[in-house]
**Q** 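Encoded as structure tokens, here's the structure I'll be asking about.
Lettering follows sequence order; numbering is per chain, from 1. Quantities reported herein were computed from a predicted structural model and do not represent experimental measurements.
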Protein chains: 2
Amino acid sequence: MDQERPVKLSDISKALNLSVSTVSRALNDSHEIGEETKRMVQSYASKVNYRPNLIAQSLKEMNTRYIAIIVPEISNSFFAEIVNGVEFVANNQGYHVVIYQTHDSTEREINIIRDVARRKADGLLLSPSTNQTEVNEVMKSIGAKLPVVYFDRVPSDNYCHKVVCDNYQAAFEATSWLIQQGKRRIAHMAGPSGISISIERLAGYSAALLHAGISVDPNLIRYSNFLAREVWDNLRDLEEKYQPDAYFASSDRLSFYCYEAVQRLPEPRASEVKIVGFTNAPFAHLLRPKLSAIVQPAFEMGKISAEMLLNTITKKNKDIEYGFIKLPAVLKNTE
Amino acid sequence: MDQERPVKLSDISKALNLSVSTVSRALNDSHEIGEETKRMVQSYASKVNYRPNLIAQSLKEMNTRYIAIIVPEISNSFFAEIVNGVEFVANNQGYHVVIYQTHDSTEREINIIRDVARRKADGLLLSPSTNQTEVNEVMKSIGAKLPVVYFDRVPSDNYCHKVVCDNYQAAFEATSWLIQQGKRRIAHMAGPSGISISIERLAGYSAALLHAGISVDPNLIRYSNFLAREVWDNLRDLEEKYQPDAYFASSDRLSFYCYEAVQRLPEPRASEVKIVGFTNAPFAHLLRPKLSAIVQPAFEMGKISAEMLLNTITKKNKDIEYGFIKLPAVLKNTE
DNA sequence: CCATTTTACGCAATCGTTTGCGTAAATAAT
DNA sequence: ATTATTTACGCAAACGATTGCGTAAAATGG
């Protein structure tokens, strides 16, 4: 028969005529409990299926053995892979990973950060949608030593832990590859102008053009907020006025929206225009015509982020040594 | 200056020369606290950025105001949409949603369920990878009144809450459409044979064939565990021996693995073989040749699941009335 | 054989909240 | 003016676990 109510230490202590503290120590295999008593307690506990109440434990220990990760959208393969890398490391060290998504809403993001702090997560992995100063505000206001590692989109200052891929290099290579294919009028579909990844990818794109002796035309650079409508509007405008011969899309979603819009163009443009974009979608290589992909080492990024975070959690008394890791991305699905 | 340590009730009570209980009541707007005192306390609390410790609250209240959802893989668009539906409802009612993934591992699934119980989540949404009797075992052993709603993959018994899409109908329509297209040798790439969705989809497939006067050939039915390798092996074998003229794939991942394998076949088969499969991938419609898609109302399923769960959580004293909701799926991307 | 250490356990405080109950002072009722 | 009621607050227990400290009994030492 199944008990109606989870069994707790005092249930065991009553049943065995022992004190609660003795039971607790016996279950934790303390040296100050007799071997025989330990066996008694442990066998009884497993018989009645005792499981310590993690809330009570957390309150006492002031840690929760879980870390939180906040991402814009879990369905985005890039972030899903990051989460998998994080789980891989965290689970090995006995930590659980709690996933939150912001759907690119600043309000949600702030609420989640506050909640994570109030629930006393042991650490936080964050790729902020929100602008930097606002994130700083929130971080201050929670008034706690909540260890944070930023990934993908990171603050510019150096007093925090950061894990990114080499966006500049990746954008440089992608753009250079398009140039090698004979393209000269390369449009850049960029993300929001404020955030780190947009800035670095734009820089790489510009550098590649200049390196090839092509001047950077601001008209060919379009910012948008990961929304299909904005990408489509930008693309229509570009097509009407400038007819680029290639597109470089700066993120997963932008890549697909851009690809879709190009495919809807009348021939021969639909098949002539080349597209290269950041994406970790596992099925991107199935598209015809091809979508050339800059693939980030997302799983690895997740692993490293989690390792950095867990390090600062366990060595929290030591002086902090801020880390900044930058990993290479690779260009795939070229011909 | 930011405080080093989160401020707690006793900090406020000392600063204001009040008792902790008075402070607590003042912050909770209790009627037995004077208006002036309330204002004092509230303004001071917000000045020092007081946030109640949710762990302590949970321990006292014996609820946590969050629900857990366990899915095989968050990168799977179907499950990601479900999660979004769940969040939509839960957040509106003041609940947080904690997402876990099993990666189709029974061991992970069981560990997660145990952990969810120990952390005293107020409820659980579950699409079990694990076989039914084993799940029942675990549910018994946690010895708690943890409300559960099953979705997608559900147990066969009627003493639980369930939300699914009409798999039989969807499979019937998909298969019938292939028959209308003139296909007769339709292979079925099915999921693991034990679980509800596989059984129902197979039934719909078979019924459609019989309805059209085509006999069901067991050789054309292949089970697999959502692994690319298995799908590819099955497909190679089918191609060598039976040369089906169409494939019906029974899940998101199976659809893409199957599509990919077919595209690698030598022409003219690659473009002649028609494929229809379950998928909620947002970019499935970009594929050429087409992948016809059975799209499940995932967001809706998530919403309904969450509503059912929150109902049983808040009305837990009332007698339980088990619900079983079945929603229609639609066939898209046909010509 | 007595003094000292070790063994094995219990008592009580603690983590940060909430809440039932008790009680002074203030107000209202008679 | 005396009693009854309300108002506004404090004390202490509780949620379930962990742990420092105290202390009998047992083991050890000289």
Side-chain angles (χ1 to χ4, degrees), chain A residues 3 5-42 44-45 48-65 115 117-122 142-145, chain B residues 3 5-42 44-45 48-65 115 117-122 142-145:
Chain A
Q3 56 276 349
R5 176 179 58 81
V7 17
K8 47 191 172 183
L9 284 188
S10 67
D11 297 330
I12 302 184
S13 83
K14 275 171 204 152
L16 266 47
N17 252 351
L18 290 169
S19 76
V20 173
S21 41
T22 301
V23 175
S24 170
R25 279 187 254 254
L27 291 174
N28 291 324
D29 207 34
S30 159
H31 65 278
E32 35 182 341
I33 299 295
E35 286 306 319
E36 198 182 347
T37 314
K38 274 189 198 172
R39 271 192 295 276
M40 271 208 70
V41 173
Q42 288 168 356
Y44 182 80
V48 297
N49 246 304
Y50 169 76
R51 309 279 168 188
N53 181 322
L54 280 189
I55 299 188
Q57 272 186 338
S58 295
L59 182 59
K60 188 71 178 76
E61 305 295 325
M62 291 312 253
N63 67 14
T64 50
R65 311 272 313 159
D115 196 73
R118 299 204 310 160
R119 290 187 189 276
K120 308 295 171 188
D122 289 348
I142 60 181
K145 31 71 293 17
Chain B
Q3 56 277 349
R5 178 178 57 80
V7 16
K8 46 191 173 181
L9 285 187
S10 67
D11 297 329
I12 302 184
S13 83
K14 275 171 205 154
L16 266 48
N17 253 351
L18 290 169
S19 77
V20 173
S21 40
T22 301
V23 175
S24 170
R25 279 187 253 254
L27 291 174
N28 291 324
D29 207 33
S30 159
H31 65 278
E32 36 182 340
I33 300 295
E35 286 306 320
E36 197 181 350
T37 313
K38 274 189 197 171
R39 271 192 296 276
M40 272 208 69
V41 172
Q42 287 169 356
Y44 183 81
V48 296
N49 246 303
Y50 169 76
R51 308 278 169 190
N53 181 322
L54 280 190
I55 299 189
Q57 273 186 336
S58 295
L59 182 59
K60 190 71 179 76
E61 304 294 325
M62 290 314 252
N63 67 14
T64 49
R65 312 268 318 154
D115 195 73
R118 299 203 309 159
R119 289 187 189 277
K120 309 293 173 189
D122 289 348
I142 61 181
K145 39 13 35 317

**Q** Does D/dC9 have OP1 or OP2 under 4.0 Å away from a side-chain N or O of B/Thr37?
**A** yes
**Q** Pick the C1' atom in D/dT23 and in D/dA27, then give their distance to the nearest Å.
**A** 16 Å
**Q** Using a distance-only criterion (donor-acceptor N/O pair, under 3.5 Å, no hydrogens), is the base of D/dG16 paired with the side chain of A/Arg51?
**A** no
**Q** Measure NZ/B/Lys120 against P/C/dT17 and give the value in whole Å, please.
**A** 21 Å
**Q** Just checking B/Glu32: base, sugar-phosphate only, or nothing, at a heavy-atom cut-off of under 4.0 Å?
**A** base
**Q** What base-paired stems does DNA chain D take part in, with at least 3 consecutive Watson-Crick or G-U wobble pairs and both distances under 3.5 Å?
**A** C:5-26 with D:5-26, C:28-30 with D:1-3
**Q** Just N and O in the side chain of B/Gln57: are any of them under 4.0 Å from OP1 or OP2 of C/dG16?
**A** no
**Q** Please confirm whether any donor atom in the side chain of B/Ser21 sits under 3.5 Å from an acceptor in the base of D/dC11, or the reverse.
**A** yes
**Q** Mind checking the P distance from D/dT6 to D/dT2? Whole angstroms is fine.
**A** 22 Å
**Q** Determine: side-chain N/O of A/Tyr50 to OP1/OP2 of D/dG16, distance under 4.0 Å, yes or no.
**A** no
**Q** Separation of A/Arg39 atom CZ from C/dA8 atom P, in whole Å?
**A** 12 Å
**Q** Looking only at heavy atoms, what is the nearest atom pair of B/Ile55 and A/Arg119, with distance?
**A** CD1-O, 3.7 Å
**Q** Does the pair A/Glu35/A/Lys38 count as a salt bridge with the N-to-O cut at 4.0 Å?
**A** yes
**Q** Think B/Thr22 has a side-chain N or O under 4.0 angstrom from the OP1 or OP2 of D/dC9?
**A** no
**Q** So, under a plain 3.5 Å distance rule, would you say the side chain of A/Arg118 forms a donor-acceptor pair with the base of C/dG16?
**A** no
**Q** Could you check whether B/Ile55 gets within reach of a base, just the sugar-phosphate, or nothing at all, counting any heavy atom under 4.0 Å?
**A** nothing
**Q** A/Ser24 side chain N/O closer than 4.0 Å to the phosphate oxygens (OP1, OP2) of D/dT18?
**A** yes
**Q** Using whole Å, what does the distance between atom P of nucleotide C/dG16 and atom NZ of B/Lys8 come to?
**A** 3 Å
**Q** Check for a donor-acceptor pair, side chain of B/Ser58 on one end and backbone N or O of B/Leu54 on the other, with a separation under 3.5 Å.
**A** yes
**Q** Pick base, sugar-phosphate or nothing for B/Lys60, based on heavy-atom distances below 4.0 Å to the nucleic acid.
**A** base
**Q** So, for B/Val7 and B/Val48, which heavy atoms are closest and what is the spacing to 0.1 Å?
**A** CG1-O, 3.2 Å
**Q** Return the value, rounded to whole Å, for the distance between atom CG of A/Asn53 and atom P of D/dA14.
**A** 17 Å
**Q** Quick one: A/Asp11 CG to D/dA17 P, roughly how many Å, whole number?
**A** 9 Å
**Q** Consider only side-chain N and O atoms of B/Arg51 and B/Asn49, and report whether a donor and an acceptor are under 3.5 Å apart.
**A** yes
